[in-house]
Amino acid sequence: MKISGFLVILIFCKLLFAEVSITSQYFQDLKEIEILELMKNSPQFQQCQGLAGDPTQFETDEQFEKFSECFVQDLSKEDLTKINNKLKLVQSKLISSPETKNIRKYLQKRLQEGLYGENFSSKKLNKFKHVDQDTFLKLYKSHIGKTINLNLAEYCLTENYSDSQDKNIYTRLRAGLEKFKNMSASDFQKTKANFEECVSEIKKTKACDDLEKDSSSKLKRLCFLKSRLRNYYGLLNQVDSNQKLVRQLRNSPRVFSDSIVEENSYREGASEGEKKIDDLTALSLSDVNEALTDDKSEYFKLSGENFSKVCLEHLNEEECKKFVNIDEGKALNELKLKINLQYSLMQKQIENEEDKEKILKRLEDEGLAISEDEKEELNTLDLSAIKKKISEKYQNQKISIIHEINAKLEEQTLKANKNLRDSQKELKAKQENLTSKGDDIKGLVLYSNFVSQVFGIKDTESQEIMGFNTTPIYREHLDYEQKYPKVDRDAYKWIQNLDVQRAPASGSESNKEKTFKNFLEELFSSD
């Protein structure tokens, strides 16, 4: 049980920050393409390469689509299943940035010590606290909720709150963060209202099922966000199913006596010195600051100095690849090929499936059918119509993902045919961005915690709003004097003027567990 618990910790520590655009700003490596190397040796790949050309040289989306359609055309059902299990979509793991590894490492240590006790790494196995599997599922669900909030915050901050019209998404995001940093007491309600308007716009936008390749950048980004939100809903459904199974097993005859299991167990904050699940998964500005501080030096200062040394001074191409893409489009093309192959494989599997119930279950698991209206509509359709609808959804998702990849890597890729020596101006700009990125992440986390208070917490039985999710910004308020470094207190002086209270205590944990699932159901109820 403890071993699987460690795996869960690793998974959701990666989940929290892997899904936010700003955290994947700097190119490090692309290790998610190993399966392509296997595919390249297959007869299908060689045949399609002869018909459609070398994918590393493709310049249009149509070329990628033609190649991937060729590849899956003659695959057997067995081959489809086998490859699809290995070829996992990389939309959330395009770039592994070193700064997010520090944050994940910090979260992992906090979770392990919070669950199993302090000095975790030096303890013997028999000294660990017992942690029920249901606890891990609650932790995972809590992390998914916070990730949803971060994704919404990043999008709205960049696309709605920022006054910048710059094409580059990071320039717009920084303009939004600067505006947020200088917020006054009179701006509190305006900022919350702006976020509510943004969420309302996300809900009202119905063009994601008719997305075109020439659709606006903002619409593609919005559709990419909605696609992710649907995936999160599918994850929440899977967690709910697993919780039911775990709770059934817990109520079945015990192998061990209760006294043995309960003697030294994590009690979700009830035992002395323990933290509640919501506190274990929380991420505040002070947490990020602690995670990114290495002894006496700020993490990004060290990163900026290292970048300067390897890229600007020593012109070390291999080391510089950790920060910028200098492969002149090859890596980007491999990513595009992988995504096209993934969707072609998924579509081919759906085409081959003749069991309507299995298809509908898959739709629900993937979050493609969330609201009752969606499920009811699909149930009225015949098999071919359902397949057509799924194919359209996959195509729209693919368009938005490809756009997001291009936007993310635009600022990280050196212009074609330029070596490091000829790219000094670009590299200096990237170094400047790197050294300010710590403030970007902290600001985004704080903004996410501020706007979380617009989410209503419903009573499980009556479904009435019993309060709002003010705990994250309440925690920031408490941290302001005690944990913020002076530079952060100076930057966010408005926090001391906040008048917030912790979310309602009555039933808050069980109800807050459902907050974001309820939100997603409402978001897609009229989609």
Side-chain angles (χ1 to χ4, degrees), residues 16 20 110 141-157 160-161 176-200 269 275-290 439 441-459 464-516 518-519 522:
L16 183 62
V20 184
R110 185 176 70 178
K141 192 181 291 186
S142 180
H143 263 293
I144 293 172
K146 289 173 173 62
T147 306
I148 290 168
N149 195 14
L150 271 168
N151 275 264
L152 287 164
E154 191 269 343
Y155 172 83
C156 292
L157 186 70
N160 284 59
Y161 187 71
L177 286 173
E178 191 64 24
K179 181 179 176 183
F180 178 62
K181 183 170 70 176
N182 295 315
M183 187 169 62
S184 64
S186 61
D187 295 325
F188 291 171
Q189 293 305 319
K190 290 179 187 176
T191 303
K192 282 198 292 183
N194 177 276
F195 182 74
E196 288 178 309
E197 286 170 16
C198 175
V199 172
S200 177
K275 288 185 177 180
K276 293 182 178 180
I277 283 177
D278 190 50
D279 293 326
L280 277 176
T281 59
L283 191 66
S284 66
L285 188 151
S286 62
D287 291 327
V288 178
N289 186 74
E290 187 174 342
D439 289 334
I441 294 177
K442 288 193 288 186
L444 176 58
V445 167
L446 181 56
Y447 177 80
S448 170
N449 287 336
F450 178 84
V451 296
S452 68
Q453 57 192 304
V454 309
F455 295 107
I457 299 172
K458 289 184 176 180
D459 180 77
E464 292 181 2
I465 297 291
M466 57 182 288
F468 293 88
N469 189 28
T470 58
T471 303
I473 194 61
Y474 176 78
R475 187 181 287 112
E476 296 282 9
H477 190 210
L478 293 182
D479 283 356
Y480 179 73
E481 290 290 348
Q482 297 178 352
K483 295 184 180 179
Y484 281 15
K486 188 176 187 305
V487 62
D488 290 330
R489 288 201 300 274
D490 289 343
Y492 296 102
K493 289 181 179 178
W494 52 263
I495 292 181
Q496 62 190 328
N497 296 320
L498 283 175
D499 181 21
V500 291
Q501 295 179 339
R502 186 180 283 270
S506 176
S508 60
E509 290 304 320
S510 60
N511 289 314
K512 280 166 65 178
E513 208 177 79
K514 297 180 175 63
T515 296
F516 284 101
N518 288 335
F519 164 74
E522 291 172 3

Between Phe516 and Ile144, is any pair of side-chain heavy atoms under 4.5 Å apart?
no

For Asn497 and Phe188 the tightest heavy-atom approach is O-CE1, 3.9 Å

Looking only at heavy atoms, the pair that brings Ile277 and Ser142 closest together is CG2-CB, 4.2 Å

query: When you measure from the side chain of Asn182 to the backbone N and O of Glu178, does any donor-acceptor pair fall under 3.5 Å?
result: yes

Here the pair of heavy atoms bringing Ser284 nearest to Asn449 is CA-ND2, 3.8 Å

message: I'd like to know if Arg475 and Asp278 make a salt bridge, using a cut-off of under 4.0 Å between side-chain N and carboxylate O.
response: yes

key: Worked verdict on Asn518 versus Ile457 for side-chain contact (heavy atoms from CB on, under 4.5 Å)   = CA-CA 9 Å; Asn518 288 335; Ile457 299 172; over 6 Å; no

On a heavy-atom basis, the closest approach of Leu498 and His477 is O-CE1, 3.3 Å

Quiz prompt | Modelled atom types, side-chain donor and acceptor of Glu476 and Tyr484, under 3.5 Å | solution = yes

Practice item. Report yes if the side chains of Ile495 and Leu446 come closer than 4.5 Å at any heavy-atom pair, otherwise no. Key: yes

A side-chain contact here means heavy atoms from C-beta on lying under 4.5 Å apart; do Tyr492 and Met183 qualify?
no

Rounded to the nearest 0.5 angstrom, the OG1-NZ distance for Thr471 and Lys276 is 9.0 Å

dist Phe455:CZ -> Ile148:CD1 (nearest 0.5 Å) comes out at 8.5 Å

Taken to the nearest 0.5 Å, the spacing of Leu157 CG from Lys179 NZ works out to 9.5 Å

With a 3.5 Å distance limit and no angle check, can you tell me whether Glu522 reaches the backbone of Phe519 through a side-chain donor-acceptor pair? no

Separation between CZ (Phe195) and OG (Ser452), nearest 0.5 Å, reads 8.5 Å

**Asked** Any donor-acceptor pair under 3.5 Å linking the side chain of Asn194 with the backbone of Lys190?
**Response** no

Between Ala153 and Tyr447 the two heavy atoms that sit nearest each other are O-CE2, 3.5 Å

task: Verify the neighbour count for atom CG of Asp490: are there more than 12 heavy atoms of other residues, nucleotides or ligands below 6.0 Å?
output: yes

- Query: Can you tell if the side chain of Gln453 reaches within under 4.5 Å of the side chain of Val500, non-hydrogen atoms only?
  - Reply: yes

Next on the checklist: For Tyr480 and Trp494, I'd like to know if the aromatic rings sit close, meaning centre-to-centre distance below 6.0 Å.
Outcome noted: no

When rounded to the nearest 0.5 Å, the distance separating CD of Glu464 from NZ of Lys458 is 10.5 Å

Scanning both residues in full, the closest heavy-atom pair of Cys156 with Val199 reads SG-N, 4.4 Å

Original post:
Is there a side-chain contact between Tyr161 and Cys198 (heavy atoms, below 4.5 Å)?
Top reply: no

Which of Asn289, Leu283, Leu285 passes side-chain contact (heavy atoms from CB on, under 4.5 Å) with Asp287? It is Leu283

Requested in this report: Using a strict 4.0 Å threshold on nitrogen-to-oxygen distance, state whether Glu290 and Arg110 make a salt bridge.
Outcome: no

Taken to the nearest 0.5 Å, the spacing of Phe180 CZ from Thr191 OG1 works out to 7.0 Å

Q: Taking atom NZ of Lys483 as the centre, report whether more than 12 heavy atoms of other residues, nucleotides or ligands fall under 6.0 Å from it.
A: no

